Amino acid sequence: MDRPGADGNPSGSARLPSPGPETPTRAGAPARTPPPTGHEPGRTSRLARARGRTTTGLRAVRHRTENPVKDNARPAGPAQPTAVAAAPALTSAIPNTGPAAGGNNVILTGSGFTGITAVRFGANPALGYTVNSSTQITAVAPAGTGAVAVTVTAPGGTSNAVTYTYAVVPVLTSVSPSGGPASGGTTVVLTGTDLGGATAVRFGSTAATSFTVNSSTQITAVAPAGTGAVPVTVTTPGGTSNAVTYTYTVVPVLTSVSPSQGPASGGTTVVLTGTDLGGATAVSFGSTAATSFTVNSSTQITAVAPAGSGAVPVTVTTPGGTTGPVYFFYLNVPFLISVSPSGGPASGGTTVVLTGTDLSGATAVRFGSTAATSFTVNSPTQITAVAPAGTGAVPVTVTTPGGTSNSVIYTYVGTPVLSLLSPAQGPTDAGSGVTLSGTGLTTTTAVHFGAASAAFTVLSDTAIAALAPAGTPGPVPVNVTTPGGTSNSLTYTRLAPPVI
């Protein structure tokens, strides 16, 4: 049996306090004292010891055992504040630029993306948006221009703004060079407007091997491999540009060079023949550029050889690449030592022998300004030529692909003329002295009495002293021979000795 407590209740039960006296708060309206809400040290300690329960538990029991009818009449405690949703916050828009036409996806990142009711690009609503999570939205940009503020609206309000820029569509005006080899690798310069921020450069459907945006008006790109004519375009956040044409060209081929040799001093005009030579940008003789060149057609180029020596490879470079070589030979200038005989008649026809060096490949032999009647190259050191008609002393030269030689002198001699024999008669024995007078006698090479040669001495251009050879009695013709020819004849009469 439980032992009663001091208040008459059994010690094992907790006694709930009775309500306090009702006190009027207004006329005719009793009010009861509110139940205790604070901590009652004495009673709680006793009840806890009696029941072995926590203070909180006792307080809960007390609340349940209050008069249920009167509980509803108790005044409510202070009003609790209603939770208010925070406004969303934006941290980024990726990409933060796009075409003025809109239509591109933009990823918005931030927080508080719950119950989103609007996404705006400036004053324009997004064409559409999807809330991926409380921190991410995918929106479709509307059309627009310039830089605009992007915001997100939720029940908690409108976010801060992040900037989105509408970019202008790029425009291309040129590509230089406008062609290159099919193997690619050509560095080209693209010129235009609004090229900044380029994300792609394409040659046809193929991406450039690499590219660098130099400025908003210029891009340097490396062409990929390709064939034929292709459109080159640039893509930026503003869109894809118009196209400029780049042409992949075939590697040129050289088949011949004519003439294939020339002087070391250069200046030889040669004709190069081959295929795909159109658009040639360089003609080289070894490592030296041609003095000049002209592209006659896709199969022919005329070029002027620079100075050089030996055998050199000749090549042609076009946007399609560089040809294989054909060879051009630089030759030494020929050199003449002598011409023999050194003179001949004005009527020409004298066969002469020219001696010298580097005479091979001679293309001309000239006596003054007149070509030899004919000539034969016997060896690199000798040419036989036939003198043309001429007068006076003239320079003889030889021309080869190596150039034109120095000159040796050939003298055209007038035909000698005899005017007097003194005496005009003599014995049949040899040894009689005869003076021959005339003109053009300086270069006399022979004096004849009939068929017999006479010993002679040239006294001057007008006189020769001769010794008449032996012969039979009677008249014989006397003449002289010079490089200019054989003179007229005068009669010399041999007289028989008297008979005793």
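These numbers come from a predicted model, not from an experiment.
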(message) With rounding to the nearest 0.5 angstrom, report the OG to CD1 distance, Ser338 to Ile409.
(response) 13.0 Å
(message) Less than 4.5 Å apart, side chain to side chain, heavy atoms only: is that true for Asn96 and Val162?
(response) no
(message) Any side-chain to backbone donor/acceptor pair from Ser133 onto Thr135? Under 3.5 Å, distance only.
(response) yes
(message) Between Thr275 and Pro252, is there a side-chain heavy-atom distance shorter than 4.5 Å?
(response) no
(request) For residues Ala385 and Phe375, report the shortest heavy-atom separation together with the two atoms involved. (result) CB-CB, 3.9 Å
(message) Is there a side-chain hydrogen bond (donor to acceptor under 3.5 Å, both in side chains) between Ser159 and Thr151? Walk through the geometry before answering.
(response) CA-CA 6 Å; Ser159 71; Thr151 58; 5.3 Å; no
(request) Please answer whether the main-chain N or O of Ala167 pairs with a side-chain N or O of Thr97 as donor and acceptor at a distance below 3.5 Å. (result) no
(message) Closer than 3.5 angstrom, by distance alone: can the side chain of Thr191 be matched with the main-chain N or O of Ser174 as a donor-acceptor pair?
(response) no
(request) Heavy atoms only: give me the nearest Ala182-Tyr248 pair and the separation to one decimal. (result) CA-CD2, 3.9 Å
(message) Quick one: does any side-chain atom of Ser379 pair with a main-chain N or O of Thr381 as donor and acceptor, under 3.5 Å?
(response) yes
(message) Nearest 0.5 Å, please: how far is OH in Tyr330 from OG in Ser309?
(response) 8.5 Å
(message) Please evaluate residues Thr404 and Thr399 with respect to the criterion side-chain hydrogen bond (donor to acceptor under 3.5 Å, both in side chains), reporting the C-alpha separation (whole Å), side-chain torsions for both, the decisive distance (0.1 Å), and the verdict.
(response) CA-CA 4 Å; Thr404 298; Thr399 299; 3.0 Å; yes
(request) May I ask you to decide if Leu336's main-chain N or O and Asn406's side chain share a donor-acceptor pair within less than 3.5 Å? (result) yes
(request) Would you indicate whether the side-chain heavy atoms of Ile107 and Gln136 approach each other to under 4.5 Å? (result) yes
(request) Take Tyr412 and Val394, measure what side-chain contact (heavy atoms from CB on, under 4.5 Å) needs, and give me the verdict at the end. (result) CA-CA 8 Å; Tyr412 284 101; Val394 295; 3.7 Å; yes
(request) Search all heavy atoms of Pro170 against all heavy atoms of Gly238 and return the closest pair with its distance. (result) CD-C, 4.4 Å
(request) Identify the two heavy atoms, one from Val232 and one from Leu172, that lie closest to each other, and give their separation to 0.1 Å. (result) O-CD1, 3.4 Å
(request) Check whether any side-chain heavy atom of Val152 lies under 4.5 Å from a side-chain heavy atom of Leu108, and answer yes or no. (result) yes
(request) Establish, from distance only, whether the side-chain atoms of Thr158 and Thr153 form a donor-acceptor pair under 3.5 Å. (result) yes
(request) Could you please spell out the steps behind the side-chain hydrogen bond (donor to acceptor under 3.5 Å, both in side chains) verdict for Thr138 and Asn105? (result) CA-CA 7 Å; Thr138 300; Asn105 288 339; over 6 Å; no
(request) Work out which heavy atom in Thr268 is nearest to a heavy atom in Gln261; give both atom names and the distance. (result) CG2-O, 4.1 Å
(message) Using 0.5 Å steps for rounding, measure from the CZ atom of Arg366 to the OG1 atom of Thr370.
(response) 8.0 Å
(message) Over 60° means perpendicular and under 30° means parallel, so tell me whether Tyr166 and Phe121 are parallel, tilted or perpendicular.
(response) tilted
(message) Testing the basics here: between Gln382 and Leu359, what is the closest heavy-atom pair and its distance to 0.1 Å?
(response) N-CD1, 3.6 Å
(message) Checking the side chain of Thr212 only, and the main-chain atoms of Asn214 only, is there a donor and an acceptor separated by less than 3.5 Å?
(response) no
(request) State, with a plain yes or no, whether a side-chain heavy atom of Val365 is found less than 4.5 Å away from one of Ile383. (result) yes
(request) Look at the rings of Tyr327 and Phe329 and say which category their plane angle falls in: under 30° parallel, 30 to 60° tilted, over 60° perpendicular. (result) tilted
(message) Which residue is it: Val295, Val257, Thr323? I am looking for the one with a side-chain contact (heavy atoms from CB on, under 4.5 Å) to Leu272.
(response) Val257
(request) Look up atom OH in Tyr129 and atom CG in Asn132, then write down how far apart they are to the nearest 0.5 Å. (result) 12.5 Å
(message) Would the distance check show the side chain of Thr236 and the main-chain N or O of Gly197 forming a donor-acceptor pair, the cut-off being under 3.5 Å?
(response) no
(message) Out of the candidates Val188, Thr209, Thr233, Val222, only one should pair with Phe203 under the side-chain contact (heavy atoms from CB on, under 4.5 Å) rule; please name it.
(response) Val188
(message) Does any part of the side chain of Ile116, heavy atoms only, come nearer than 4.5 Å to the side chain of Ile137, both counted from C-beta?
(response) yes
(request) Ignoring hydrogens and angles, tell me if any N or O in the side chain of Asp276 forms a donor-acceptor pair with the backbone of Val250 under 3.5 Å. (result) no
(request) Mark yes or no for whether Tyr164, through its side chain, and Gly98, through its backbone, hold a donor-acceptor pair below 3.5 Å. (result) yes
